[in-house]
Amino acid sequence: MIKLSFPDNSIREYEAGSSGFDVALSISKSLQKKALAVAIDGELRDLAEPITQDGAIEIITRDDPRALELIRHDAAHVMAEAVQELWPGTQVTIGPVIENGFYYDFKRETPFTTEDLPVIEKKMRQIIERNAKFTKEVWSREQAKAHFAEQGEHYKVELVDAIPAGEDVKIYRQGDWLDLCRGPHLYSTGQIGQAFKLMKVAGAYWRGDSNNEMLTRIYGTAWANEKDLKAYLHMLEEAEKRDHRKLGREMDLYHFQEEGPGVVFWHHKGWKLFQNLTNYMRRRLADDYQEVNAPQILDKALWETSGHWEWYRENMFSTETEDHRVFAIKPMNCPGHVQIFKHGLRSYRELPLRMAEFGAVSRYEPSGALHGLMRVRAFTQDDAHVFCTEEQLAEECLKINELILSVYKHFGFDEVVVKLSTRPEKRVGSDAVWDHAEEVMGRVLKQIEEQSGGKIKTGILEGEGAFYGPKFEYTLRDAIGREWQCGTTQVDFNLPDRFGAFYVDSDGEKKEPVMVHRAICGSLERFLGILIESFAGHFPLWLAPQQYVVAAITSEANEYAEQVHAKLKKAGLAGELDLRNEKINYKVREHSLAKVPVIVVVGKREAEEQSVNIRRLGSKDQTPMSLADAISSLVDEATPPDLREED
RNA sequence: GCCGCUGUAGCUCAGAUGGUAGAGCAACGCAUUCGUAAUGCGUGGGUCGUAGGUUCAAGUCCUAUCAGCGGCACCA
């Protein structure tokens with residue numbers, strides 16, 4: 001007999017080898033019907049699997065969040081069966097669960113197109129209706145390999161080989177179809193339900209390696225019920241509406257064109273937004289940093305010294321002049337900053353020396369990587385390099401962290417992920433130096449997590465560090481749930497040495513400084529893209545490129561509208577005057593669509609009373625107030641967060 | 001870079017089976033002075049991404065190329 005404890009803390013005895021199915025039935029017939037799987041000591045298992053030991057058991061039903069994983073996983077299996085039923089000879093590879101759904105990678109001569117999706121979906125619904133049971137078998141490696149080889153499933157053979165020794169080779173059957181799978185699964189295909197949808201087709205490399213063959217991937221989404229599916233699809237639609245590429249056009253912020261793939265034409269309003277951001281950042285740097293500006297184009301020789309010509313060349317734009325000198329357009333600011341550091345003798349008294357630049361860098365990114373403002377070929381980094389001693393390193397990292405989090409907070413980002421990337425295979429510097437650097441960074445990471453009181457999630461990316469040192473990566477989430485790396489702190493024991501940078505220490509000896517590369521927004525272009533999506537274009541007043549429009553109702557109010565506009569401008573607000581011969585309805589509609597935060601409506605009445613009528617973006621309310629009150633409240637609201645007194 | 005899809009007026013999109021382009025909005029003109037999401041009438045605007053090719057004839061078919069979109073890989 002075995003003892004199983006239940007979530008309500010009751011303990012029951014069962015015969016050893018009873019299945020989750022039996023246990024569910026022992027409680028009630030209805031529970032057995034609803035049961036999808038069990039969790040033993042928190043680990044999901046098949047309902048049919050014999051339970052041989054004491055443990056804590058939970059019966060997993062549809063409402064359990066963990067059920068989703070099973071539903072999605074099984075939907076992937078059913079999709080694979082459907083595809084093989086429709087197109088025999090298609091090889092199946094892997095089909096994992098991902099956020100919001102699942103995918104399966106296939107090898108097929110002619111890749112799938114979106115027109116295939118409804119066909120596959122229909123077949124999937126048939127398979128689900130057959131309601132075949134999932135049954136597990138354990139095969140020998142030889143048996144599995146022979147079977148898949150005979151079926152022409154060469155990728156599956158490779159997958160069998162990849163299973164670590166000592167682990168069972170598990171096969172799951174559903175009706176006549178079977179797949180190599182770790183499990184667990186639902187009880188039968190019918191339990192998947194019908195709340196799923198195939199979303200898109202895509203190419204994907206076998207095992208995620210671009211040297212390998214390209215497979216064809218089908219993405220799907222699956223949910224516990226129809227309502228959740230609808231909510232998800234609706235969320236996607238909403239996300240699409242706030243896509244920064246769409247809003248950028250609608251709000252007349254910037255554009256791209258064919259001659260300049262990946263390079264931004266900032267329009268007046270977009271540039272104003274850009275400046276609002278850089279002005280803010282400049283204020284945040286004023287106390288601790290010195291701002292510099294290093295050249296855009298430098299001789300190849302300098303990039304050879306820095307190591308970029310060797311490590312980064314395929315990403316660099318370069319040009320040869322008439323007299324055969326090769327110059328490269330800077331992809332990073334660090335070599336330039338080291339030149340400034342090196343110019344003249346540096347004393348230990350100057351350290352830590354924090355050198356900042358809003359550096360425009362150019363990188364030849366792969367064409368397929370370009371994505372609106374998020375991924376471009378020329379962008380501006382809010383970059384800085386801290387030259388310091390090793391003893392100062394930890395404190396500098398913490399100071400940077402504090403600044404980064406404080407900046408993010410001002411933009412409304414409270415949930416930040418910080419990851420430490422450790423030494424990569426290809427690297428410079430001794431292991432002892434890496435040990436030390438990683439030890440320092442690891443300690444800092446812990447402090448970051450503790451200081452945040454759990455708000456900041458941390459993690460480690462093994463082997464993802466830069467070739468010159470470990471780094472922290474700060475990640476934000478965009479409106480569609482995609483994660484974007486913004487800030488970064490990178491420790492560098494390499495570049496000062498390559499350039500022979502040193503300072504004179506208190507004992508009169510030359511010493512090499514440690515260099516910390518850091519960016520807060522990362523790419524200002526990307527950061528603005530994230531802001532556009534995060535605010536859905538409804539910028540807070542202090543950031544908004546256009547803060548107000550004064551709209552006159554009739555030409556009789558034009559003169560007063562001009563006065564109001566002049567006063568608002570004088571108070572430091574940015575806005576426009578709309579005296580066009582149009583109805584107020586038309587003006588309100590147009591300015592609302594353009595996402596102007598404040599519409600100041602003035603007519604005859606307002607002119608007589610020296611008042612205004614304010615309509616805010618996103619609201620239908622009309623708020624009449626005196627002109628003086630309007631100005632003072634708008635000026636107050638337009639004060640950037642770093643200049644507010646309560647901070 | 002790789003796989004798939006797309007590319008027609010400033011924007012959104014129509015244009016079976018090849019017969020030399022159309023709508024709505026926007027723009028411009030005229031009228032309208034109208035109190036919070038589209039006033040009416042009129043006018044102009046496109047070498048159909050680019051370059052070749054097939055054809056009596058190509059936006060429509062073929063080839064190449066560029067750009068964009070969705071992924072993969074890469075990455076701030």
Side-chain angles (χ1 to χ4, degrees), chain A residues 103 105 108 110-116 199-219 243 245-246 249-250 252 255-262 312 314-315 331-332 359 361 363-383 464 471 473-476 484-488 490 517 519-527 529-530 551-558 579-594 599-606 613-617 619-624:
Chain A
Y103 67 78
D105 285 349
R108 187 177 166 226
T110 45
F112 297 103
T113 70
T114 39
E115 274 128 59
D116 297 324
M199 304 297 284
K200 53 199 172 193
V201 293
Y205 297 106
W206 168 233
R207 294 193 154 164
D209 185 337
S210 58
N211 296 312
N212 288 344
E213 247 183 304
M214 182 147 279
L215 307 170
T216 167
R217 173 175 297 179
I218 301 177
Y219 282 96
D243 188 310
R245 294 167 297 184
K246 188 175 151 73
R249 189 170 48 240
E250 288 172 1
D252 192 21
H255 86 269
F256 290 95
Q257 65 189 47
E258 286 209 14
E259 293 86 345
Y312 207 71
E314 71 273 23
N315 281 299
M332 296 187 194
V361 295
R363 301 179 183 177
Y364 190 74
E365 299 292 339
S367 57
L370 303 181
H371 182 94
L373 293 176
M374 303 299 202
R375 195 74 187 276
V376 291
R377 285 188 175 146
F379 58 101
T380 314
Q381 291 181 313
D382 60 330
D383 205 0
E464 298 284 311
K471 60 180 177 182
E473 292 188 345
Y474 291 74
T475 310
L476 298 179
W484 293 101
Q485 194 200 313
C486 293
T488 179
Q490 313 181 351
H517 309 239
I520 297 173
C521 301
S523 150
L524 297 184
E525 284 75 1
R526 170 180 296 180
F527 198 72
I530 294 169
I553 293 174
T554 71
S555 56
E556 286 188 318
N558 280 2
L579 301 181
R580 291 175 303 170
N581 179 13
E582 295 290 352
K583 286 176 134 182
I584 193 63
N585 284 300
Y586 182 88
K587 294 185 182 182
V588 165
R589 174 181 156 82
E590 201 173 59
H591 299 301
S592 299
L593 287 174
I599 302 178
V600 182
V601 178
V602 295
K604 238 159 86 179
R605 199 185 310 149
E606 286 75 16
N613 202 316
I614 294 211
R615 177 172 170 140
R616 302 294 305 238
L617 181 60
S619 165
K620 287 186 176 169
D621 295 347
Q622 300 171 31
T623 313

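First the proteins, then the strands, lettered A, B, ... as listed; each starts at 1.
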### Message
What's the gap between B/A31 and B/U6 when it is taken at their P atoms, as a whole Å value?
### Response
48 Å
### Query
With a non-hydrogen cut-off below 4.0 angstrom, is A/Lys604 in contact with a base, only sugar-phosphate, or nothing?
base
### Message
Taking only the C1' atom of each, what is the distance from B/A27 to B/G68 in whole angstrom?
### Response
26 Å
### Task
Using a heavy-atom cut-off of under 4.0 Å over every strand shown, decide if A/Glu556 touches base, sugar-phosphate, or nothing.
nothing
### Query
What does A/Ile599 touch in the nucleic acid at a heavy-atom separation under 4.0 angstrom: a base, only the sugar-phosphate, or nothing?
nothing
### Task
Return the set of residues passing ring-ring contact (aromatic ring centres under 6.0 Å, His included) with A/Tyr312 (not counting sequence neighbours), or none when no residue passes.
none
### Message
Under 4.0 Å, heavy atoms only, any strand: does A/Pro261 hit a base, just the sugar-phosphate, or nothing?
### Response
sugar-phosphate
Return the polar atom pairs (N/O with N/O) between nucleotides 2-8 of chain B and the protein under 3.5 Å, or none.
{"unit_1": "B/C2", "atom_1": "O4'", "unit_2": "A/Tyr205", "atom_2": "OH", "d": "3.3"}
{"unit_1": "B/C3", "atom_1": "O2", "unit_2": "A/Gly203", "atom_2": "N", "d": "3.3"}

### Query
Between A/Arg526 (CZ) and B/C75 (C1'), how many Å, whole number?
7 Å
### Task
Give one of base, sugar-phosphate or nothing for A/Gly487, where a contact means two heavy atoms less than 4.0 Å apart.
nothing
### Task
Calculate, to the nearest 0.5 Å, the distance between atoms CG and OH belonging to A/Asn212 and A/Tyr205 respectively.
10.0 Å
### Query
Does A/Gln485 put a side-chain nitrogen or oxygen below 4.0 Å from OP1 or OP2 of B/C75?
no
### Query
Sequence neighbours excluded, which residues qualify as ring-ring contact (aromatic ring centres under 6.0 Å, His included) partners of A/Phe112?
A/Trp87, A/Phe106
### Query
According to a strict under-4.0 Å criterion, is A/Asn585 in side-chain N/O contact with OP1 or OP2 of B/U36?
no
#### Entry: All side chain to side chain donor-acceptor pair (under 3.5 Å) counterparts of A/Arg580, not counting sequence neighbours
A/Asp578, A/Glu590
### Task
Could you run through RNA chain B and flag its stems, i.e. three or more consecutive Watson-Crick or G-U pairs with both distances under 3.5 Å?
B:1-7 with B:66-72, B:10-13 with B:22-25, B:27-31 with B:39-43, B:49-53 with B:61-65
### Query
Can you tell if the side chain of A/Val201 reaches within under 4.5 Å of the side chain of A/Asp116, non-hydrogen atoms only?
no
## Note on the structure
Ranking A/Thr488 and A/Ile614 by the position along RNA chain B of their nearest nucleotide, the one closer to 5' is A/Ile614
### Message
Taking atom types as they are modelled, would you say the side chain of A/Arg615 forms a donor-acceptor pair with the base of B/A37 within the 3.5 Å cutoff?
### Response
yes
### Message
Work out how far the C1' atom of B/G18 is from that of B/A58, and round it to whole angstrom.
### Response
6 Å
### Query
Looking for any heavy atom pair under 4.0 Å, which part of the strands does A/Asn613 touch: base, sugar-phosphate only, or nothing?
base
#### Entry: Least distance between heavy atoms, A/Glu464 atom then A/Lys471 atom
O-CE, 3.6 Å
### Query
In whole Å, what separates the C1' atom of B/A21 from that of B/A51?
22 Å
### Summary
Rounded to whole Å, CG of A/Leu370 lies from P of B/G70 at a distance of 12 Å
### Query
Quick one: ring-ring contact (aromatic ring centres under 6.0 Å, His included) partners of A/Tyr103, sequence neighbours excluded?
A/Tyr219
### Task
Give a yes or no on whether a donor-acceptor pair under 3.5 Å exists between the nucleobase atoms of B/A76, that is its base, and the side chain of A/Gln490.
no
### Query
Looking across every strand, which nucleic acid part, if any, lies under 4.0 Å from A/Cys486 by heavy atom: base, sugar-phosphate, or nothing?
sugar-phosphate
### Task
Assign A/Lys583 to base, sugar-phosphate, or nothing according to its heavy-atom contacts below 4.0 angstrom with the strands shown.
base
Could you write out each protein N or O paired with an N or O of nucleotides 10-16 of chain B at a distance under 3.5 Å?
{"unit_1": "B/U12", "atom_1": "OP1", "unit_2": "A/Arg249", "atom_2": "NH2", "d": "3.3"}

### Summary
By side chain to side chain donor-acceptor pair (under 3.5 Å), A/Ser592 pairs with (sequence neighbours left out) none
### Main-chain N/O of A/Leu370 paired to A/Arg375 side chain as donor or acceptor, under 3.5 Å
no
Tabulated below should be each protein N or O lying under 3.5 Å from an N or O of nucleotides 24-26 of chain B; please produce it.
{"unit_1": "B/A26", "atom_1": "OP1", "unit_2": "A/Tyr586", "atom_2": "OH", "d": "3.4"}

### Query
On a plain distance test, is the side chain of A/Glu606 in donor-acceptor contact with the base of B/G35 below 3.5 Å?
yes
### Message
Test your reading of the model: is there a side-chain donor-acceptor pair from A/Arg363 to the backbone of A/Pro331, 3.5 Å cut-off?
### Response
yes
### Task
Could you tell me the separation between the OH atom of A/Tyr364 and the P atom of B/A76, rounded to a whole number of Å?
18 Å
### 5′-ward residue of the pair A/Gly262/A/Gln381 relative to RNA chain B
A/Gly262
### Query
Where the side chain of A/Arg589 is defined as all heavy atoms beyond and including C-beta, which of B/G70, B/A37, B/G35 is the nearest nucleotide?
B/A37
### Those residues that, when tested against A/Arg377, pass side chain to side chain donor-acceptor pair (under 3.5 Å) (two or more places apart)
none
### Task
Scan A/Thr554 against the nucleic acid and name what it touches under 4.0 Å (heavy atoms): base, sugar-phosphate only, or nothing.
base
### Query
When all nucleic acid strands are considered with a 4.0 Å heavy-atom cut-off, which category describes A/Tyr219: base, sugar-phosphate, or nothing?
sugar-phosphate
### Message
At 4.0 Å (heavy atoms only), tell me whether A/Gln257 reaches a base, stays on the sugar-phosphate, or touches nothing.
### Response
nothing
#### Entry: From A/Lys620 atom NZ to A/Arg615 atom CZ, the distance as rounded to the nearest 0.5 Å
7.0 Å
### Task
For A/Lys246, enumerate each residue passing the side chain to side chain donor-acceptor pair (under 3.5 Å) test, keeping only those at least two apart in sequence or located in another chain.
A/Glu250
### Task
Could you tell me whether A/Lys587 and A/Glu582 have a side-chain N and a carboxylate O separated by less than 4.0 Å?
no
### Euclidean distance for P, B/G44 against B/C62 (whole angstrom)
36 Å
### Task
Run the salt-bridge test on A/Arg207 and A/Asp209 with the 4.0 Å N-O cut-off and return the result as yes or no.
no
### Summary
Between CG of A/Leu373 and P of B/C69 the distance, given in whole Å, is 11 Å
#### Entry: Nearest-angstrom distance, C1' atom, B/C72 to B/U55
41 Å
### Task
Round to the nearest Å and state the distance from A/Met332 atom CE to B/A76 atom C1'.
9 Å
### Task
For A/Val361, report the nucleic acid contact type (base, sugar-phosphate, nothing); a contact means any heavy atom under 4.0 Å.
nothing
### Message
Need one value for A/Ile584: base, sugar-phosphate or nothing, where a base atom within 4.0 Å counts as base even if backbone is also close, heavy atoms only.
### Response
sugar-phosphate
### Task
Starting from P on B/G68, measure out to CZ on A/Phe256 and report it in whole angstrom.
8 Å
### Query
Rounded to the Å, how far apart are A/Arg605 CZ and B/G35 C1'?
7 Å
### Message
Whole angstroms only, please: what is the CG-C1' distance between A/Leu476 and B/A76?
### Response
12 Å
Restricting to nitrogen or oxygen on both sides, can you table the protein-nucleotides 63-65 of chain B pairs closer than 3.5 Å?
none

### Message
Can you see if the side chain of A/Arg375 gets near the phosphate of B/C74 - specifically, an N or O under 4.0 Å from OP1 or OP2?
### Response
no
### Task
Answer yes or no: does a side-chain N or O of A/His371 lie under 4.0 Å from OP1 or OP2 of B/G70?
yes
